[in-house]
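Protein chains get the first letters and strands the later ones, always in sequence-line order, with residue 1 at the start of each.
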Protein chains: 2
Amino acid sequence: MTNTVGTIRTGGTVAVVRGEEELVRRTSHQFAAATDIACAAIDLRTWSAARTESGIRAALCGRDGAEVRLRKVYRPNVLLDPVSAAHLREIRDTRGAQIRITPDEINETILIDRRIAILAGDPRLGERSFSIVTQPEVVQGVTSLFDAAWRSATTVDAYDARIAELRDIAPQVLDLLGRGVKDEAAARTLGLGVRTYRRRVAELMEALGASSRFQAGVRARELGLV
Amino acid sequence: MTNTVGTIRTGGTVAVVRGEEELVRRTSHQFAAATDIACAAIDLRTWSAARTESGIRAALCGRDGAEVRLRKVYRPNVLLDPVSAAHLREIRDTRGAQIRITPDEINETILIDRRIAILAGDPRLGERSFSIVTQPEVVQGVTSLFDAAWRSATTVDAYDARIAELRDIAPQVLDLLGRGVKDEAAARTLGLGVRTYRRRVAELMEALGASSRFQAGVRARELGLV
DNA sequence: CCGCGATCGGCAACAACCTGCCAAGGCCGT
DNA sequence: ACGGCCTTGGCAGGTTGTTGCCGATCGCGG
């Protein structure tokens, strides 16, 4: 089931694995030795599913924690869900993770010590596939892109403050939108002005990375927010 | 886990079961003796999941088939998916099921011989719950409502003809909508006029029972069409 | 009390979307 | 060929959603 593709001999290869257990099995020793881990994800499920999480946590918990640089970039939607937001703060506090938020479209990626890149494939249809890349030039390129995204991203605290009030009413707004209620009526039921309601919808769409309401509906459903 | 609520003694009760296996276990003998089965559903998963289907099919396949009246009402969205549409025709042909389509919002329901009503609860959060009702007045009331819906519904053939051309391009339209593409651009990429593209979107929304594009996005995602 | 910053919500201009109308063109049975 | 039937797509007029602007209001620290 594991498909390894040899490349021109420079010591680097690209391996494709299917499923998270397989990924953990193949990479946990890399995590154990790492001093610099960078991670991009659009929600908390991806690298935090019980299997992955327990595997990697096990590899990390024996470590001091101060000596490993842990950077994580998420999309704004993780802050829409109170549970996710809390979990985020927790992993920041227990381990010394630096967490930032970016509005850009990013694929899910892990970088270990600027030597290994793990890129996640499309999650549709059963088990997800992951590419483990050690080819130096590729890893270098991916790393530079990650660093750029990292620099342009804002810290979680700054972003969190900006959407604090949004998070409170987001569930109600999403509910109204999901029932096909017109802005006029929705604003009334929430006791808001139409302008303010639309402000909330716009912020919501930005957080979901959607450029149309249809797209926002799809994303919201994907994330289980409706 | 099974919660049975006794009511005023008239021979009728309401039982609530959780999960489809449990439902099949409790009702398969009813299906075996039935001569009139009516069924309402919004997609094919609900009563056709492997467990339910195999259980009920087993109960029915020993029967002649001509002597049992089988009526099914679906929402239009089942015709959007080619696989679903084909499956629909198959159960119509192999057994003598009459199938109709209604644009109304209907909850998922089964009626057996106008004596027993099975109503499905909200599918959110784990296993679904089902209410099995034998209380005569309730069953009578539900039956009358079902009959009304049945009469106002159109036959699957009539409806199928109406959305035949829609089904062909629905995936592409959904893809464009899901990527947040503007109508103008989407129409161009499909080689359609904007008016026609919007006609397709409107038909799609009607089929999904959505009154806003956000809602359509949610529904489309729920049904796995995007 | 005043000033400051932030949010609210009305207004307006605009963009996007929705739909009835209708002429143009394709398809089919006669 | 002809007439009926359907789909198409332009147009127009309507509704809904999007956004900048700006004064009103609130809370807070000085």
Quick one: salt bridge (Lys or Arg N to Asp or Glu O under 4.0 Å) partners of A/Arg92, sequence neighbours excluded?
A/Asp157

For the pair made of CZ in A/Arg200 and C1' in C/dC8, what is the distance, rounded to whole Å?
9 Å

For B/Tyr197 and D/dT7, what is the distance between atoms OH and P respectively, to the nearest whole Å?
20 Å

According to a strict under-4.0 Å criterion, is B/Thr196 in side-chain N/O contact with OP1 or OP2 of D/dG9?
yes

Rounding to an integer number of Å, can you tell me how far B/Glu203 CD sits from D/dC6 P?
15 Å

In whole angstrom, give the distance that lies between atom CG of B/Asp168 and atom P of D/dT8.
11 Å

Interatomic distance, A/Ile169 CD1 vs C/dC8 P [rounded to whole Å]:
8 Å

Roughly how many Å is it from CG in A/Leu177 to C1' in D/dT16, rounded to a whole number?
13 Å

Tell me, yes or no, whether the heavy-atom count around A/Glu105 atom CD, taken from other residues, nucleotides or ligands under 6.0 Å, exceeds 12.
yes

A/Leu190 atom CG is separated from C/dT7 atom C1', nearest whole Å, by 17 Å

Among pairs that include at least one residue of residues 169-179 of chain B, which meet salt bridge (Lys or Arg N to Asp or Glu O under 4.0 Å), considering only residues two or more places apart or in two chains?
B/Asp175-B/Arg179

Taken to the nearest whole Å, CG/A/Leu166 to P/C/dC8 is 11 Å

Where protein sits on nucleotides 16-23 of chain C, one letter per nucleotide: B base, S sugar-phosphate only, - none, heavy atoms under 4.0 Å:
SBBBB---

Salt-bridge contact B/Arg167-B/Glu203 (side-chain N to carboxylate O under 4.0 Å)
no

Are B/Asp183 and B/Arg198 close enough for a salt bridge, meaning some N to O gap below 4.0 Å?
yes

Verify whether one side chain among B/Ser144 and B/Gln140 offers a donor that lies under 3.5 Å from an acceptor in the other.
no

